[in-house]
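One structure is given below, encoded as structure tokens.
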Amino acid sequence: MEMQKNYNPKDFEDRLYAEWMDKNYFRAEADPSKIPFTIVIPPPNITGQLHLGHALDNTIIDALIRFKRMQGYSALYLPGCDHASIATEVKIVEEMKKEGLTKNDVGRDGFLERAWAWKEKYGGRIVEQMKKMGVSCDWSRLSFTMDEKCSRAVREVFVNLYNKGLIYRGDRIINWCPGCKTALSDAEVEYSEDASFFWHLKYPVKDSDESIIVATTRPETMLGDTAVAVNPKDKRYKNMVGKTLVLPLVGREIPIVADDYVDMKFGSGAVKITPAHDPNDFEVGLRHDLPVIRVMNDDGSMNENAGKYEGLDRFEAREKIVEDLKACGALVKIEPHSHNVGHCYRCKSTVEPIVSKQWFVKMEPLAGPAIDAVARNKIKFTPERFSKIYFNWMEGIKDWCISRQLWWGHRIPVWYCQDCGEVICSKTDPTECPHCHSTNLRQDEDVLDTWFSSALWPFSTLGYPDKTEDFNYFYPTDVLSCGYDIIFFWVARMIFSGIEHTKKVPFRDVLLHGIVRDEQGRKMSKSLGNGIDPLEVIDEYGADSLRFALITGVAPGNDSRYSKGKVEAARNFMNKIWNASRFVLMNAEGVDIPSVLDVKFSPADKWIISKLESCIREVTLNMGKFELGIAAGALYDFLWSDFCDWYIELCKSSLYGDDANKKAATLSVLCFVLKTSLKLLHPFVPFITEEIYQNIPGTEGSIMVSEFPRYNSKYAYKKEAKAFETVMDIIKAVRNMKVQVNCPPAKKVKLFLATPNKRLVSANANAILKLAGASEIAFVESGAEVGEKTLSQVTEGCTVFVPLGELVDIEKERERLSKELERIVGEIRRADGKLQNRGFIDKAPKNLVDAERAKLEKFIEMKAKIERQIEELDA
RNA sequence: GGAGGCAUAGCUCAGUUGGUUAGAGCGCUCGCUUCACAUGCGAGAGGUCGUAGGUUCGAGUCCUACUGUCUCUACCA
């Protein structure tokens, strides 16, 4: 293969992806001879295009999937998209607005037509983007939350829950978004600290001079007040309870009630009660049987109960009401006050708590088993700390409001008989009322919360409620990986849904990652305009670089920052791999390479194989712990430092030498190590590894279906690897000495070595000469034998002497040696101190004590040698 | 109000159950067009691991308090 000088991903990424698709490598079969390994994608919303968060999701999941696939599992990465009810509807409404149209203009059917067209367009785009990332999804199982399969599961689940009494309809306080004109679940409300005011109002007691002062942050709700509450223990108001107040502006008579909910110490100790517009007040209202008066319309304007304020927007009404209260003397005081205000997570409008008839899922019976599953380790969170957050939320969970006043979504499968009022909840569309046989039925207008269908994703996509082959084989899934920001929205709901409907936990591991932030640590957002388009990054640097940049240095659950510098570093690494491979392949050209099993390994070979084995172990171990960042880091170090900087350089003397057999043997090891490390790397950077792998002599087929390397202790070569470091230390020592005395690296020097490892050193003499820039090697017993003054460096296995020659400054050398001596003396002091400590000797593990002793001995020896060098320098 | 995270080199972060001389990338300094790679090579400088205690033979790592910072969650009218 002709390899370009520089890594250019555009030359092969698309081609290889097409090839993988073509060969059907992504397809996971329900193969009983294999163990299944399943991950379902966190389905991206069809609202737009992928961002870096999705890119991270995909990189993590794809790495795990490819790893397991290579290990022989039947690995299924199940892809799909979410219809994102409210988010998509908002987008389509915006789009229609540009044409001057509203939802009502086009009608429900017309609107849904547009929505499906939108889905085709953006869903398709997302799939293309994922392919660019190189993900090995099984596209034959591509799903959509509103496709027939998933919709059937939604229907099944809704009806079952309804029949069990776990879904009910009722008037409750819910979060209402006047912008989207729909109810929201608690999870869909975002709170932010907003500066506002406290308005203190005076409500007069009927037929009396007395009055009571209440404070509010939403004065417009006073129109709906139906009581004022005080604490029953509050002496100040003891004789007021039971009296009647006259509501200013409105003139309505309302009672003073006593309720424990009121905090005596807060404000005036009296609270205006507006059951229709406040969740706490609603509860108080229930306890005291108070009327519920709603004063607002669905769009946030005031309704007919607001009297003269009818038709005004809620914030206009607020101003007007405050003005009028002031005019009639009911406004006592205005106080600046900042408090948390709820906003719609989609359109950011201020959310209004409003009483409304909605559908709810009763959470308490579902939460118990879901808590249990995590508490009993049936599901494990990584990092573990998120289980606390999960418990915290699950234990205090309220009923889930699942109806949305939207059109895009799963329509609630409930019909109302227009004649007898019968409520029909059915898996199939009813044609007549089972009670009165009327055919005059009307389906509930609302659709379901988008997360209702997402909650079923791990099993709806696999065929539930049918016991399909896929369902039986791939369910429960294995790992669920997503950002920690959707634990409540999604993960928790999948857990209770899975347990309730399939009687099994939907997955065994939850792997959470953090948020990808921008270079300054800010969240990426449209309004800040700091979002990064993965496609642009891929276009500039390649998918592998993006993947590697996203995965390096990240620990589970931790936020990370994206920067161009990181992608560049990753791209440089790709280039490094590219060129190392180019080097190996170029040298292998036309050479008959023996099997690595037939090669007698040189010390350098054993060293790199030893390093490779520990790399295999580390990668495998860390993949198992979901520490992908550590696994990737280990590979980076191994390939760049060990393989490129050392082993390839060490090989050059034999590759460029005359011994053809030796050259062939070296190439065999080079190819073996390269091939093995590419396999290790493949889950992270699939394209470059595939492109190179197929060209390495002795490989067959695709790397993505090759076997993942297994650690083999037979090749650990611990002792040999350690011994070989003597050679490396000699090279480092010479380089170091040269730089310190300003000797040009190209200038060849004579080496005199005092070492007990003459055989090892001789065997690697060529490499030492080449890498250290030396002309010859001679063995001596001491520096005195060199016959002239020398530079010297003491290493563990060898003392290296270089004749001073004419270039050198004795003063500088003395300085260097004393600095080294100082360091060694420090080490001796430290080790000695440790060994003087009885506690250490008695309590520390024996091997550590022994190691410390050996170290001390070594340092003492080195100290003596350095002292001798200093003496000789002065002689 | 409750809960959780983070604090390690100039910057961004690793540091696995406490145990070699605390690491990497980027940046910085010096030197290299060495026949895979200047998207590179070699050699360096740079850290009292937020503060104060404690447990331990031994603490970046465990415990307590404090400071700073970020996030989640609840919501007091």
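Keep in mind that what you see is a predicted model, and the values were worked out from it rather than measured. In the text below, chain A, chain B and the rest are named by the order of the sequence lines, each starting its count at 1.
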Dot-bracket line, read 5' to 3' along RNA chain B, where crossing pairs take [ ] and | marks a partner on another strand, Watson-Crick or G-U under 3.5 Å: (((((((..((((.....[...)))).(((((.......))))).....(((((..]....))))))))))))....
Considering only [options], which nucleotide approaches the side chain of [X] most closely?
{"X": "A/R735", "options": "B/U71, B/A43, B/A77", "answer": "B/A43"}
{"X": "A/F488", "options": "B/C76, B/C72, B/A74", "answer": "B/C72"}
{"X": "A/R561", "options": "B/C75, B/C70, B/U12", "answer": "B/U12"}
{"X": "A/K523", "options": "B/U12, B/A74, B/C72", "answer": "B/C72"}
{"X": "A/F198", "options": "B/G5, B/A43, B/A77", "answer": "B/A77"}
{"X": "A/N736", "options": "B/G42, B/A77, B/G44", "answer": "B/G44"}
{"X": "A/Y261", "options": "B/A14, B/G42, B/C76", "answer": "B/C76"}

Distance between [atom1] atoms of [N] and [M] (Å, rounded):
{"N": "B/U55", "M": "B/C63", "atom1": "C1'", "result": "7 Å"}
{"N": "B/U56", "M": "B/A3", "atom1": "C1'", "result": "30 Å"}
{"N": "B/G50", "M": "B/G60", "atom1": "P", "result": "10 Å"}
{"N": "B/G46", "M": "B/G2", "atom1": "C1'", "result": "42 Å"}
{"N": "B/C28", "M": "B/U64", "atom1": "C1'", "result": "40 Å"}

Short side-chain N/O contact to B/U73 OP1/OP2 from A/N340, under 4.0 Å: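 Answer no for this pair, as no side-chain N or O of A/N340 is under 4.0 Å from OP1 or OP2.
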[X] side-chain N/O to [Y] backbone N/O, donor-acceptor pair under 3.5 Å:
{"X": "A/K738", "Y": "A/A772", "result": "yes"}
{"X": "A/N695", "Y": "A/E691", "result": "yes"}
{"X": "A/T350", "Y": "A/H343", "result": "no"}
{"X": "A/S677", "Y": "A/L674", "result": "yes"}
{"X": "A/R547", "Y": "A/F684", "result": "yes"}

Nucleotide-resolved protein contact map, nucleotides 33-40 of chain B, B/S/- at heavy-atom distance under 4.0 Å: --BBBSBS
Residue whose closest nucleotide on RNA chain B lies nearer the 5' end, A/D559 versus A/F840: A/D559
First of A/K265 and A/V554 reached from the 5' end of RNA chain B, by closest nucleotide: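 This one resolves to A/V554.
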Aromatic A/F583 / basic A/K652 pairing, under 6.0 angstrom, 45° off normal: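 Yes - A/K652 lies over the ring of A/F583, closer than 6.0 Å to its centre and within 45° of its axis.
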A/N175 CG - B/U73 P separation (whole Å):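 Taking CG of A/N175 and P of B/U73, I get 13 Å after rounding.
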Stretch residues 844-856 of chain A: residues that reach within less than 4.0 Å of RNA chain B through a heavy atom: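 By residue number: A/A844, A/P845, A/L848, A/K855.
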Close side-chain approach of A/S775 to A/V749, heavy-atom, < 4.5 Å: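 When only atoms from C-beta onward are counted, A/V749 and A/S775 do not touch, as no gap falls below 4.5 Å.
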Reference residue A/W393; test ring-ring contact (aromatic ring centres under 6.0 Å, His included); the match among A/F488, A/F386, A/F489: A/F488
Result of checking A/I273, A/V228, A/L290 against A/I254 for side chain to side chain contact (heavy atoms under 4.5 Å, CB included):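 Filter result, single survivor: A/V228.
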